[in-house]
Number of protein chains: 2
Amino acid sequence: MGDDQLPSWRDTPAKRSIVAFIDAVTSPDSADFVPEPDRVAVFDNDGTLWTEQPMYAQLAFALDRAAELGHPIGLRELHSGGMPALTDLLKLTHAGLTTGEFEAVSRRWLAAARHPRSGRPYPAMVYQPMLELLGLLGRSGFSCWIFSGGGTDFMRTWAGDVYGLPPHRVIGSVGATEFQLGPDGPELVKTATIQVINDGPQKPASIHAHVGQRPILAAGNTDGDLAMLQWTAASPFRTLQLVVQHTDGEREYAYDRDPILGSGTQRIHAAATENGWTLIDMAADWSAVYPPYP
Amino acid sequence: MGDDQLPSWRDTPAKRSIVAFIDAVTSPDSADFVPEPDRVAVFDNDGTLWTEQPMYAQLAFALDRAAELGHPIGLRELHSGGMPALTDLLKLTHAGLTTGEFEAVSRRWLAAARHPRSGRPYPAMVYQPMLELLGLLGRSGFSCWIFSGGGTDFMRTWAGDVYGLPPHRVIGSVGATEFQLGPDGPELVKTATIQVINDGPQKPASIHAHVGQRPILAAGNTDGDLAMLQWTAASPFRTLQLVVQHTDGEREYAYDRDPILGSGTQRIHAAATENGWTLIDMAADWSAVYPPYP
């Protein structure tokens with residue numbers, strides 16, 4: 001592939017499997033050649049493309065906003081309340097605004113908020129090696145999509161700039177919106193009805209609805225991504241599955257369980273071993289974790 | 001614009017408004033210039049891009065398939081049964097198959113079925129002037145999307161080839177799918193749960209979910225498209241709204257009410273008059289209606 005386009009990846013089996021895959025599906029004389037329109041790659045976001053510890057950025061946003069709205073709630077309270085408490089928090093903080101208002105509120109928060117350990121703005125908590133991979137795939141004729149459990153509207157306020165993806169390729173969980181003719185013209189108002197929780201078996205269903213093609217590359221980090229990787233692996237084309245392992249307690253975090261929803265990693269690791277998927281050991285495989293800052 | 005890229009459009013105000021709009025938003029020195037990523041165009045399908053009389057092609061498919069499955073139902077019966085009868089028919093004919101199986105069944109039907117009046121295959125019932133418009137927009141840096149009341153999976157089996165659109169830009173009504181690990185690997189099974197009926201105020205909501213940007217061009221033909229056109233008209237950019245009128249009883253059909261669901265056209269025509277939207281009079285504005293066949 002000439003120049004090293006993945007400079008933050010050490011020369012380990014993980015990097016070699018990625019480079020070999022891209023070479024094989026893009027070389028016209030390769031037996032595994034895949035035409036450009038079929039080069040679809042899908043990525044989980046939290047914990048796969050950026051840091052999700054000590055909590056999802058969107059949850060930090062929701063807690064800050066709940067406090068601002070006069071209904072503060074602590075993380076411990078949230079944990080003991082389980083899914084109903086989380087749903088209530090999302091309704092309180094994400095509903096009742098127009099899509100334009102929600103975008104403005106999110107952007108304002110993102111500009112001011114800092115990650116509690118690194119002091120960086122959240123968009124600077126993306127993984128530099130994954131940015132390089134997204135760039136290389138884009139230059140290699142892939143269309144890269146995000147299928148995340150996070151909210152679509154929240155992600156789209158920053159993911160386009162940071163990952164270089166158009167909004168239609170950033171897909172997450174979705175609340176229903178209501179069309180109304182307001183005083184300033186037609187608006188979409190975000191409601192408290194959750195339409196899609198984009199996790200687990202919903203991910204392939206969302207990929208079908210939004211892409212309409214089977215991906216040939218999928219990347220995730222917890223059991224909530226397993227169905228997406230299985231769905232991808234069953235493509236008739238040659239495929240690549242990437243499983244990010246959080247092994248780097250010094251530079252990132254060391255853990256094997258989703259910090260909020262509690263999804264484990266046992267099933268996806270077992271599937272990776274059984275099927276020869278590519279495990280990414282952050283401590284061993286990445287020479288840098290984050291982009292330079294400031 | 002040099003050569004005439006809309007040869008099936010007569011030189012009438014409708015064509016002139018389209019050409020003037022495309023010129024204005026694509027000329028870099030124009031006050032109305034719109035950057036390429038913001039050039040989003042959305043189209044209704046049935047009655048806007050192809051003939052929907054005497055009934056939607058997808059309904060003809062469903063009636064044929066119901067008969068094949070041993071549950072024949074007539075159009076009169078369907079009419080008297082209203083929406084519940086229609087929903088039952090869709091469940092019977094669209095649920096319980098994997099997405100792969102449904103695609104195969106749809107393709108088989110499309111290859112064999114003929115329009116009752118013209119004797120053409122249904123994909124040859126698209127409007128030649130609209131094909132030319134889609135092509136011109138594509139060459140002018142637009143991304144064109146379909147937002148139809150028809151089913152996404154059914155449309156995607158033919159719309160890609162006919163309109164030259166990738167599957168992710170063909171969006172319609174959606175039934176829920178269920179992920180399962182079948183004997184042949186992971187599958188998505190179509191269920192009887194209707195998730196989205198993509199009509200009326202749902203169209204802007206679907207555009208928000210699937211595109212994440214406000215369009216600058218929208219085309220429709222009934223009141224079910226009104227919200228989509230209103231949503232588009234409120235863009236800060238210069239916009240164009242097209243309303244197709246079925247005025248041509250000789251070459252197509254003359255009617256002002258949706259043949260199955262009964263949506264009228266009164267509200268969209270009133271809005272067109274009030275806001276100076278472009279009315280397309282098929283009889284007067286189009287020199288050809290369909291592409292050559294065979």
Side-chain angles (χ1 to χ4, degrees), chain A residues 36-38 40 98-100 103 143 145 152-153 155-157 159-160 165-172 174-182 184-191 195-196 200-214 226-236, chain B residues 36-38 40 98-100 103 143 145 152-153 155-157 159-160 165-172 174-182 184-191 195-196 200-214 226-236:
Chain A
E36 279 204 24
D38 291 311
V40 173
T98 69
T99 49
E103 185 183 336
S143 62
W145 296 68
T152 298
D153 287 340
M155 283 194 293
R156 284 179 179 167
T157 57
L165 300 178
H168 72 265
R169 293 210 226 123
V170 178
I171 306 301
V174 177
T177 55
E178 239 168 54
F179 181 77
Q180 64 178 38
L181 292 173
D184 302 325
E187 303 172 327
L188 287 170
V189 180
K190 289 170 75 70
T191 74
Q195 271 184 329
V196 175
Q202 177 61 42
K203 289 202 180 194
S206 293
I207 291 168
H208 177 71
H210 282 267
V211 188
Q213 296 174 260
R214 180 102 55 152
L226 177 57
M228 177 167 80
L229 270 63
Q230 290 171 321
W231 178 243
T232 301
S235 162
Chain B
E36 280 204 24
D38 292 310
V40 173
T98 68
T99 50
E103 185 183 335
S143 63
W145 296 69
T152 298
D153 287 340
M155 283 193 292
R156 284 180 179 166
T157 59
L165 301 178
H168 73 265
R169 293 210 226 123
V170 178
I171 306 301
V174 177
T177 54
E178 239 168 54
F179 181 78
Q180 64 178 39
L181 292 172
D184 302 324
E187 304 172 326
L188 286 170
V189 179
K190 289 171 74 71
T191 74
Q195 272 185 329
V196 175
Q202 177 60 43
K203 289 202 181 194
S206 293
I207 292 168
H208 177 70
H210 282 268
V211 188
Q213 296 173 260
R214 179 99 58 150
L226 177 57
M228 177 166 82
L229 270 63
Q230 290 171 321
W231 178 243
T232 301
S235 161

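Quick note on labels: first sequence line is chain A, next is B, and so on, each numbered from 1. Note that these values count all heavy atoms, side chains included, but never hydrogens, waters or copies made by symmetry.
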Pick from [options]: which one has the most heavy-atom pairs with chain B under 4.5 Å?
options	result
Asp184(A), Thr177(A), Thr99(A)	Thr99(A)
Ala176(A), Ala209(A), Ala234(A)	Ala209(A)
Ile171(A), Val196(A), Val170(A), Leu181(A)	Leu181(A)

Worksheet item: When rounded to the nearest 0.5 angstrom, what distance separates CZ in Phe179(B) from CG in Leu226(A)?
Response: 7.5 Å

Worksheet entry | Plane angle bin for His210(A) and His210(B) - parallel if under 30°, tilted between 30 and 60°, otherwise perpendicular | parallel

Discussion item. Do His208(A) and Thr152(B) make a side-chain contact, defined as non-hydrogen atoms from C-beta onward lying under 4.5 Å apart?
Written reply: no

Item to complete: Write down the atom of Pro186(B), the atom of Trp231(A), and the distance for their closest heavy-atom approach.
Response: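 In terms of heavy atoms, the two residues are closest at O-CZ3, 3.7 Å.
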
Worksheet, complete the sentence: Nearest heavy-atom contact between Arg156(A) and Val211(B) is NH1-C, 4.4 Å

Worksheet item: By a 4.5 Å heavy-atom criterion (distance strictly below it), what part of Pro204(B) contacts chain A: side chain, backbone, both, or neither?
Response: both

Worksheet, complete the sentence: Cut-off 4.5 Å, heavy atoms of chain A, and the answer for Glu178(B) is neither

